[in-house]
J.: 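Before I ask anything, here is the structure I am working with.
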2 protein chains.
Amino acid sequence: MKKHFGEYIRQLRTDKGFTLTQLGAKLELDSANLSKIENGKRDFDEKRLNLLASVFNLNLDELRIEFLSQVIAKKIYESSCSLDVLQVAEKKVNYLRQANLKQKSLKF
Amino acid sequence: MKKHFGEYIRQLRTDKGFTLTQLGAKLELDSANLSKIENGKRDFDEKRLNLLASVFNLNLDELRIEFLSQVIAKKIYESSCSLDVLQVAEKKVNYLRQANLKQKSLKF
DNA sequence: TTTTGACTTGTCAGTTGATGACAAAATTAG
DNA sequence: CTAATTTTGTCATCAACTGACAAGTCAAAA
């Protein structure tokens with residue numbers, strides 16, 4: 001379990017024996033900034049997920065889950081609110097998806 | 001069920017018979033911007049949750065759950081990722097909280 | 001149909017926060 | 001020690017958010 005997404009990246013990087021500069025280049029990132037990301041002092045930008053996935057041959061959907069779950073967990077942790085929020089969120093996602101389906105079906 | 005937090009605010013406001021201008025003043029918001037919020041064209045700023053709670057005599061914790069769940073649902077909906085992300089997020093929150101407890105106990 | 005009040009929409013300047021970049025310090029490895 | 005690697009500090013820039021105002025629609029009342 002990782003405290004933030006940066007730890008996850010560091011794990012991937014060191015497993016492959018890359019330096020910050022090497023991986024940074026692949027991710028179009030300054031090595032200094034990648035360092036900050038790995039140390040949780042900056043956020044990893046979602047738009048680079050596909051690069052990350054291709055560099056390490058990861059499934060993009062699974063990677064996005066790893067990433068998003070960190071983002072969500074951070075929010076909940078910082079707001080110190082009940083985990084009930086997750087149940088409520090799940091219902092809302094289902095509602096949004098169902099509403100989207102209905103709208104699509106109306107178009108045809 | 002609401003598509004966004006603005007709908008929730010509109011419900012509260014119209015139930016009480018407030019106009020946009022009236023509620024806007026209480027929330028320190030332009031009526032035009034409150035209108036956009038209620039119509040989902042702008043986001044409600046989290047820092048105004050306490051004002052909102054006091055105007056309508058709501059429990060702040062419950063209100064925050066309503067708010068945060070919308071934010072989370074929106075993210076998941078937009079990224080079209082699996083709802084598994086919620087389970088993973090829950091584990092991460094628990095991990096973060098537990099890690100925080102450990103750190104606190106070390107201080108004393 | 002004119003007026004009035006409520007709401008909506010468009011626009012824009014100002015602010016804020018994130019980002020990229022670079023220098024320099026600190027740490028580690030050879 | 002030296003060189004490579006990593007970390008930290010700083011700052012200009014850029015994008016996104018915000019508040020504010022003007023102009024617009026709409027419905028009800030006069």
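Quick note on labels: first sequence line is chain A, next is B, and so on, each numbered from 1. All values below were derived from every heavy atom in this structure, side-chain atoms included, with hydrogens, water molecules and symmetry-related copies excluded.
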J.: Whether A:R48 contacts C:dT19 is assessed here as follows: a side-chain N or O lying under 4.0 Å from the phosphate OP1 or OP2. Is that the case?
T.: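 No, A:R48 has no side-chain N/O under 4.0 Å of OP1/OP2 on C:dT19.
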J.: For B:K36, which contact category applies under a 4.0 Å heavy-atom criterion: base, sugar-phosphate, or nothing?
T.: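 Touches a base.
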J.: What integer distance in Å separates A:D30:CG from C:dA23:P?
T.: 11 Å
J.: Starting at atom CZ of A:R13, determine the distance to atom C1' of D:dT7, rounded to an integer number of angstrom.
T.: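 Checked: the CZ to C1' distance equals 12 Å.
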J.: Tell me: CD of B:E7 to C1' of C:dC7, nearest whole Å?
T.: 16 Å
J.: Base, sugar-phosphate or nothing for A:T19? Non-hydrogen atoms, less than 4.0 Å.
T.: sugar-phosphate
J.: Taking only N and O in the side chain of B:K41, is any of them less than 4.0 Å away from OP1 or OP2 of C:dT9?
T.: yes
J.: Under 4.0 Å: is that the gap between some side-chain N or O of B:S35 and OP1 or OP2 of C:dT8?
T.: yes
J.: So, does the side chain of A:D43 form a donor-acceptor pair with the base of C:dA18 at under 3.5 Å?
T.: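 Answer is no: no donor-acceptor pair is held.
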J.: Nearest whole angstrom, please: distance from the P of C:dA18 to the CG of A:N33.
T.: 14 Å
J.: Ring of B:F18, cation from B:K26 - is the NZ or CZ under 6.0 Å from the centre and inside 45° of the axis?
T.: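 The answer is yes, since B:K26 meets both limits relative to B:F18.
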J.: When you match A:F44 and B:F18 each to their closest nucleotide on DNA chain C, which lands nearer the 5' end?
T.: B:F18
J.: If we count only N and O atoms by modelled type, under 3.5 Å, do the side chains of B:Q11 and B:K2 hold a donor and an acceptor together?
T.: yes
J.: Stepwise, does the side-chain contact (heavy atoms from CB on, under 4.5 Å) test hold for A:Y95 with A:N100?
T.: CA-CA 8 Å; A:Y95 175 74; A:N100 182 42; over 6 Å; no
J.: Does B:R42 place a side-chain N or O at less than 4.0 Å from the phosphate oxygens OP1/OP2 of C:dT8?
T.: no
J.: Anything under 30° is parallel, anything over 60° is perpendicular, the rest tilted; go ahead and classify B:F67 against B:F44.
T.: perpendicular
J.: To the nearest Å, how far apart are B:L20 CG and D:dC21 P?
T.: 17 Å
J.: What is the distance from CG of A:L34 to C1' of C:dG20, rounded to the nearest Å?
T.: 13 Å
J.: Report the distance from atom CG of B:L27 to atom C1' of D:dG19, rounded to the nearest whole Å.
T.: 14 Å
J.: Side chain of A:A32, heavy atoms from C-beta onward: which of D:dT6, D:dA20, C:dA23 has the nearest atom to it?
T.: C:dA23
J.: Could you tell me the separation between the CG atom of B:D45 and the C1' atom of D:dG19, rounded to a whole number of Å?
T.: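 Taking CG of B:D45 and C1' of D:dG19, I get 12 Å after rounding.
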J.: So, the side chain of B:D45 versus the backbone of B:R48: is there a donor-acceptor pair under 3.5 Å, distance only?
T.: no
